[in-house]
Undergrad: 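After the structure tokens below, expect a handful of questions from me.
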Amino acid sequence: MQRLPRGAGVVLRGLAPGLLKPVARLAKQRGLTLLVAGDGRAALALRAGLHVPDRRESLGLLPFLTARRAAPGRFMLSMAAHGGQRGPARTRRLKPDCLFLSPLFPTESHPGAPALGVSRWAAMARGLRKPAMALGGVTPARLGAVPRCAAGVAAIGGLAPPVAHLPQ
């Protein structure tokens with residue numbers, strides 16, 4: 001998080017509960033937008049936004065949505081939009097601020113998953129009627145190929161500097 005520019009976003013996914021507060025504190029100090037994946041109560045406790053995953057339920061969704069309605073503009077809501085039947089209906093119902101659409105390119109985090117490709121991704125993004133973040137296989141070398149209609153890019157590890165592995 002030290003290298004992310006001010007205003008960038010971080011989605012906390014699968015982080016040990018004991019690390020949530022220190023990471024949230026660091027994100028606030030750095031001026032980063034923080035979203036907690038799949039746990040509305042944790043998002044509220046951290047005064048963060050919520051990311052609703054596509055393929056699993058989100059805990060504490062109702063309390064989060066209630067707080068969001070009571071304080072418009074205070075709690076960001078993002079959703080995964082990776083296809084599937086219930087995506088468009090969920091988007092209309094939950095009214096997220098943005099969607100993560102993936103995979104744009106082949107990705108190491110989901111080996112063998114078919115990529116949408118630039119043209120199909122762009123067509124799907126335009127049909128969402130919400131800002132779409134390009135996710136999946138995004139690397140520095142591929143940034144120039146991201147469709148112009150993308151509201152931004154996201155990565156699990158593709159934008160991180162390479163890590164040197166020491167021999168065992």
Side-chain angles (χ1 to χ4, degrees), residues 1-15 23-24 26-38 40 43 48-56 58 61 64-65 68-69 71-163:
M1 283 198 315
Q2 294 293 345
R3 294 183 179 190
L4 290 174
R6 191 169 202 76
V10 175
V11 177
L12 299 181
R13 182 178 84 168
L15 196 62
V23 170
L26 179 60
K28 185 175 182 176
Q29 289 169 356
R30 298 272 306 122
L32 304 174
T33 299
L34 185 67
L35 298 153
V36 176
L50 176 65
H51 174 72
V52 177
D54 193 36
R55 294 180 181 95
R56 66 181 173 98
S58 289
L61 183 58
F64 182 86
L65 293 174
R68 181 174 154 85
R69 284 188 198 108
R74 170 67 183 90
F75 296 103
M76 184 176 186
L77 179 66
S78 70
M79 286 178 54
H82 307 315
Q85 301 292 339
R86 65 185 200 165
R90 274 176 91 192
T91 300
R92 284 190 300 275
R93 190 173 71 251
L94 299 179
K95 298 176 178 55
D97 298 299
C98 69
L99 298 162
F100 287 80
L101 180 59
S102 77
L104 172 55
F105 304 114
T107 174
E108 287 184 28
S109 62
H110 295 84
L116 295 169
V118 174
S119 297
R120 186 167 174 222
W121 189 97
M124 289 177 74
R126 282 190 287 273
L128 292 172
R129 295 191 172 104
K130 290 284 181 183
M133 307 296 282
L135 175 64
V138 178
T139 63
R142 291 177 174 154
L143 284 174
V146 171
R148 289 183 179 212
C149 63
V153 296
I156 293 172
L159 297 176
V163 177

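Hydrogens, waters and symmetry mates play no part in the numbers below; they use all other heavy atoms, side chains included.
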Undergrad: Can you name the nearest heavy-atom pair linking Phe64 to Ala48, along with the distance?
TA: CE1-O, 3.7 Å
Undergrad: Please answer whether the main-chain N or O of Asp97 pairs with a side-chain N or O of Lys130 as donor and acceptor at a distance below 3.5 Å.
TA: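 It does not hold such a pair.
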Undergrad: To check you understand the geometry: which heavy-atom pair defines the closest contact between Ala145 and Phe105, and what is its length?
TA: CB-CZ, 3.9 Å
Undergrad: Please tell me if the side chains of Met79 and Asp54 come closer than 4.5 Å, counting only heavy atoms from C-beta onward.
TA: no
Undergrad: If every non-hydrogen atom of Pro147 is compared with every non-hydrogen atom of Trp121, which pair is closest and at what distance?
TA: CG-CE3, 3.5 Å
Undergrad: Might you point out which heavy atoms bring Pro103 and Thr107 nearest each other, and give the distance in Å?
TA: CB-CG2, 4.2 Å
Undergrad: Would you say that Thr33 contacts Val10 through its side chain, given a criterion of any heavy-atom pair below 4.5 Å between the two side chains?
TA: no
Undergrad: Answer whether the closest heavy-atom distance between the side chains of Leu104 and Val146 falls below 4.5 Å.
TA: yes
Undergrad: If we only count heavy atoms from C-beta on, is the Val36 to Val11 side-chain gap below 4.5 Å?
TA: no
Undergrad: Heavy-atom distance under 4.5 Å between the side chains of His51 and Leu12, does that happen here?
TA: no
Undergrad: Can you list the residues that meet the side chain to side chain contact (heavy atoms under 4.5 Å, CB included) rule with Ala115, with sequence neighbours excluded?
TA: Pro106
Undergrad: Which atom pair, heavy atoms only, marks the closest approach of Arg126 to Cys149?
TA: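 Reported closest heavy-atom pair: NH1-SG, 4.1 Å.
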Undergrad: Can you tell if the side chain of Phe75 reaches within under 4.5 Å of the side chain of Leu65, non-hydrogen atoms only?
TA: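 No, every pair of side-chain atoms sits at 4.5 Å or beyond.
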Undergrad: For residues Leu50 and Gly38, report the shortest heavy-atom separation together with the two atoms involved.
TA: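 What the structure gives for the nearest pair is CD1-N, 3.9 Å.
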Undergrad: Run the side chain to side chain contact (heavy atoms under 4.5 Å, CB included) check on Arg6 and Leu32 step by step: do they pass?
TA: CA-CA 6 Å; Arg6 191 169 202 76; Leu32 304 174; 5.8 Å; no
Undergrad: What do the steps show when you test Leu101 against Leu116 for side chain to side chain contact (heavy atoms under 4.5 Å, CB included), and what is the final call?
TA: CA-CA 9 Å; Leu101 180 59; Leu116 295 169; 4.2 Å; yes
Undergrad: Is the shortest side-chain heavy-atom distance between Leu99 and Met133 below 4.5 Å?
TA: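 Of all side-chain heavy-atom pairs linking Met133 with Leu99, none is under 4.5 Å.
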Undergrad: Flag the pair Leu34 / Lys28 as yes when at least one side-chain heavy-atom distance between them is below 4.5 Å, and no otherwise.
TA: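 No; the side chains remain at least 4.5 Å from each other.
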Undergrad: To the closest 0.5 Å, what do you measure between CE (Met124) and OG (Ser102)?
TA: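 It is 9.5 Å, given to the nearest 0.5 Å.
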